[in-house]
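Note sheet for the following structure.
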Amino acid sequence: MAIEPPGAAHGGAPADPVPGRRVLVIGNRNYSSWSLRPWLALSMTGAPFDTVRIPLYEPGSAARIRQYSAAGKVPVLVDDGLVVWDSLAICEYLAERFPEAGLWPAAPGARAEARSVANEMHAGFASLRRELPMNIRFDRDGHRWSAEAQADIDRVCVLWSGLRARHAGLGAFLFGAFSIADAMYAPVVLRLRSYRVPVPPDVARYMQSVLALPPMQAWIEAALAEPERLDQFER
Ligand SMILES: N[C@@H](CCC(=O)N[C@@H](CS)C(=O)NCC(=O)O)C(=O)O
């Protein structure tokens, strides 16, 4: 079968046309919250893949990303020549590509709800994301945020508490077993931890479950070893 050059379908330049290879292109692990989401979901499938890390906001970063995707953003998945960009689109693709991994809940109702939860993160929580940027190195008191960001935090806590209460018997994650919903909120777990945001005990327990996942531990360890310092995320 002919391998279409990655990027061709959406106007990008060919990149990594290696038959059979699966590559996830990510930004800095310390800062790139959108990269973490599909990286975690893909890691949880157990499927082999290579990671290409492109440090963001450096001379040449944008050109390197555009070799993979004309959209110019990470994450990008290149799977045997197919290019998928955008974190949630990649997660949806992974759920279809690896059905045995159960990345969405099996029951249609729970699956629809999990998609709502994931999309709420993908499209929302702008104040939380802007005012508490992901910076895994941070472990700090005294960070200040607005009432709008606190409202986002409150909504996240209510969401997580309600889902945990309903699915407690099925496992430690939002829908019991790990799902894309958890992957989408994994960077929020890291943000709440970094800024020592007060949370109810059940939320703290859920955060511990996410942080204890071996791929999360691996991501955090690799993030802490990164040399880059981006001023806009270090305030
Ligand atoms: N909606 C996109 C957002 C992707 C995004 O904003 N990625 C950031 C890094 S976390 C990026 O590539 N920034 C580089 C740039 O804008 O030049 C997704 O979900 O993947």
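Both counts, for ligands and for their atoms, begin at 1 and track the order of listing.
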Requested in this report: Answer yes or no: is there an ion pair linking Arg137 with Glu234, defined by an N-O contact shorter than 4.0 Å?
Outcome: yes
Query raised in the report: Within 45° of the axis and under 6.0 Å from the centre of the six-membered ring of Phe125, does NZ or CZ of Arg129 qualify?
Result: no
Query - Distance-only side-chain donor-acceptor flag, Glu228 / Asn28, under 3.5 Å - result: yes
**Report entry** Those protein residues which place at least one heavy atom below 4.0 Å from ligand 1
**Finding:** Ser32, Trp34, Leu56, Tyr57, Lys73, Val74, Pro75, Asp86, Ser87, His122
Report task. Please determine, by modelled atom types, if Asp202 and Ser161 share a side-chain donor-acceptor pair under 3.5 angstrom. Result -> yes
Query raised in the report: Under 3.5 Å, is there a donor-acceptor pair between the side chain of Ser69 and the main chain of Ile65?
Result: no
Report summary line: In terms of heavy-atom contacts, Arg191 and Leu132 come closest through NE-O, 2.7 Å
